[in-house]
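Contents: one structure, followed by commentary.
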Amino acid sequence: DEAARELEAALGLAPAYLPALLNRGNLFEEQGDREAALESYARALAAPEDGPHAELRHEALARTVKLLR
């Protein structure tokens, strides 16, 4: 719960912050909330390809593919 609160606080300040989006998706995935995880990964994939932490988009894509299989 504390991790979720911290991630939501970070995203409240910077809604497109890729590390927080990826960690939020991972957290939801671990909790079994597939739809919420996919939503977080989709937001990460929507981030600019040349923005900060852009390499994390690849991780979000891999996680999305895993969940959709």
Side-chain angles (χ1 to χ4, degrees):
D1 290 337
E2 186 176 338
R5 281 192 300 275
E6 292 297 322
L7 290 168
E8 293 302 330
L11 291 168
L13 296 172
Y17 185 55
L18 283 171
L21 287 169
L22 189 62
N23 285 325
R24 181 179 181 261
N26 292 341
L27 180 63
F28 283 132
E29 197 174 337
E30 288 176 9
Q31 293 174 339
D33 191 342
R34 182 177 172 271
E35 293 304 316
L38 286 169
E39 183 270 332
S40 285
Y41 298 144
R43 285 176 55 190
L45 290 169
E49 292 183 25
D50 60 348
H53 308 287
E55 71 281 359
L56 294 178
R57 294 176 75 251
H58 299 288
E59 178 70 20
L61 179 59
R63 294 291 201 166
T64 298
V65 169
K66 178 184 169 223
L67 286 174
L68 292 176
R69 283 193 288 152

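Since we're looking at a predicted model, the values are computed, not measured. Throughout, residue positions are numbered sequentially from 1 according to the sequence presented.
Leu13 and Leu7 end up in different hydrophobic clusters when Ile, Leu, Val, Met, Phe, Trp and Tyr side chains are linked at under 4.5 Å. Under the 4.5 Å side-chain heavy-atom criterion for grouping Ile, Leu, Val, Met, Phe, Trp and Tyr, Leu22 is connected to Leu67 within one hydrophobic cluster.
Not a single side chain to side chain donor-acceptor pair (under 3.5 Å) links Gln31 to another residue, sequence neighbours left out. Checked against side-chain contact (heavy atoms from CB on, under 4.5 Å), Leu68 has the following partners two or more places apart in sequence or in another chain: Arg34, Leu38, Thr64. Scanning for side-chain contact (heavy atoms from CB on, under 4.5 Å) contacts around Pro19 gives Tyr17, His53, Leu56, with sequence neighbours left out. Partners of Glu59 under the side chain to side chain donor-acceptor pair (under 3.5 Å) rule, at least two apart in sequence or in another chain, are Arg63.
Rounded to the nearest 0.5 Å, atoms CG (Leu11) and CG (Leu21) are 5.0 Å apart.
The salt bridge (charged side-chain N to carboxylate O under 4.0 Å, His left out) pairs that include a residue from residues 4-15 are Glu8-Arg24, where partners are two or more places apart or lie in different chains. Counting only residues at least two apart or on different chains, the salt bridge (charged side-chain N to carboxylate O under 4.0 Å, His left out) pairs with a member in residues 41-50 are Glu39-Arg43. Every pair tested for ring-ring contact (aromatic ring centres under 6.0 Å, His included) that includes a residue from residues 28-49 fails, sequence neighbours excluded, so the list is empty.
Summarising the geometry of Ala60 relative to Ala44, their closest heavy-atom pair is CB-CB, 3.8 Å, with the distance given to 0.1 Å. Residues Pro52 and Leu18 come closest through the heavy atom pair O-CD1, 3.6 Å.
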